[in-house]
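In listed order, ligands and their atoms are each counted from 1.
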Amino acid sequence: MGNGSFIHLVKQRTSCRSYEPRPVPRESLELMLEAARLAPSACNKQPWRFAVVEAEETRMRLIHEAFLAGIPMTWAEDAGAIIALGMEKSAFTHTIAPKISGVDYPLLDLGIAGEHLVLQAEELGLGTCWIGWIKPKEIRKIVDWPRRIEPVGLITVGWPVSGDRKIRPRLAPEMITKWI
Ligand SMILES: Cc1cc2nc3c(=O)[nH]c(=O)nc-3n(C[C@H](O)[C@H](O)[C@H](O)COP(=O)(O)O)c2cc1C
């Protein structure tokens with residue numbers, strides 16, 4: 001749990017790759033989606049779309065058909081839910097504006113929304129892991145999204161096996177920040 005402070009919550013979150021095989025309460029998923037829905041986005045275009053996969057058969061299809069090979073990720077089978085993140089681009093902000101500025105606005109927006117969702121999960125005592133090693137077309141088929149929605153990632157959600165947290169190192173502040 002978050003212990004009251006935002007930085008504590010952020011420090012506590014780690015990618016969870018070991019879950020107890022039990023369902024995630026619907027209200028928890030709803031709160032996470034609400035946190036994502038309230039994220040900021042370029043021109044407030046809100047390009048995020050979510051598919052919440054609770055059904056076991058569909059979760060297994062995602063894991064076995066929509067994960068790319070090479071990284072063993074069978075641990076995801078015990079996560080009670082998998083949330084697919086989809087991007088629906090609008091005409092100007094997401095198509096013309098990035099050509100002018102070179103900035104991929106909708107992908108940035110998806111990252112923000114996804115991390116809101118992850119941090120809300122953390123506050124609820126749930127574990128998550130972003131999955132970017134995916135086959136977007138397979139995800140689209142499995143969750144039955146139309147072509148205009150581009151899958152950009154998955155997030156596993158479940159009950160962490162306690163005591164199985166790995167803290168991964170981060171670059172030192174002076175390596176990533178310049179003060180001018
Ligand atoms: C966009 C993105 C994609 C990721 N893709 C995967 C993935 O496909 N498989 C996986 O096991 N972890 C994946 N991760 C988790 C990272 O490996 C993890 O965040 C990083 O190693 C830092 O560790 P921590 O999250 O435990 O702090 C992804 C994370 C992000 C943000």
Mind checking whether [X] has an N or O less than 3.5 Å away from an N or O of ligand 1?
{"X": "T14", "answer": "no"}
{"X": "R13", "answer": "yes"}
{"X": "W75", "answer": "no"}
{"X": "C129", "answer": "no"}

Residue [X] vicinity, atoms of ligand 1 by number, heavy atom under 4.0 Å:
{"X": "R168", "answer": "21 (O), 23 (O), 26 (O)"}
{"X": "S15", "answer": "15 (C), 18 (C), 19 (O), 24 (P), 25 (O), 26 (O)"}
{"X": "W133", "answer": "8 (O)"}

*Does the side chain of E77 come under 3.5 Å of the side chain of H64 through a donor N or O and an acceptor N or O?*
yes
*asked:* Assigning hydrophobic clusters by single linkage (Ile, Leu, Val, Met, Phe, Trp, Tyr; side-chain heavy-atom cutoff under 4.5 Å), is L68 placed with V53?
replied: yes
*Path from I63 to W130 over hydrophobic side-chain contacts below 4.5 Å*: no
May I ask whether [X] places a heavy atom under 4.0 Å from ligand 1?
{"X": "I131", "answer": "yes"}
{"X": "G153", "answer": "no"}
{"X": "R17", "answer": "yes"}

*In Å, rounded to the nearest 0.5 Å, how long is the span from CD1 of I142 to CG of L62?*
4.5 Å
Which residue owns the protein heavy atom closest to [atom], what's the atom, and how far is it?
{"atom": "atom 9 (N) of ligand 1", "answer": "M73 SD, 3.3 Å"}
{"atom": "atom 1 (C) of ligand 1", "answer": "W130 CE3, 4.3 Å"}
{"atom": "atom 5 (N) of ligand 1", "answer": "G132 N, 2.8 Å"}
{"atom": "atom 27 (O) of ligand 1", "answer": "R170 NH2, 2.7 Å"}

*Given that the side chain starts at C-beta and the backbone is N, CA, C, O, which of these parts of F67 lies under 4.0 Å from ligand 1, counting heavy atoms, or is it both or neither?*
neither
*Which one holds for K11 and ligand 1: side chain close, backbone close, both close, or neither close, with close meaning a heavy atom under 4.0 Å?*
neither
*Hey, which of L126, T156, V157 is the one that makes side-chain contact (heavy atoms from CB on, under 4.5 Å) with Y19?*
T156
*Quick one: closest heavy-atom pair of P151 and W145, and the distance?*
CG-CE3, 4.0 Å
*Check: V118 and R13 side chains under 4.5 Å, non-hydrogen atoms*: yes
*Any salt bridge between R26 and E54, counting N to O under 4.0 Å?*
yes
*Salt-bridged, R165 to E122, with N to O below 4.0 Å?*
yes
_Determine whether M73 and W133 satisfy the following criterion, side chain to side chain contact (heavy atoms under 4.5 Å, CB included), listing intermediate values before the conclusion._
CA-CA 10 Å; M73 293 196 278; W133 195 235; 4.0 Å; yes
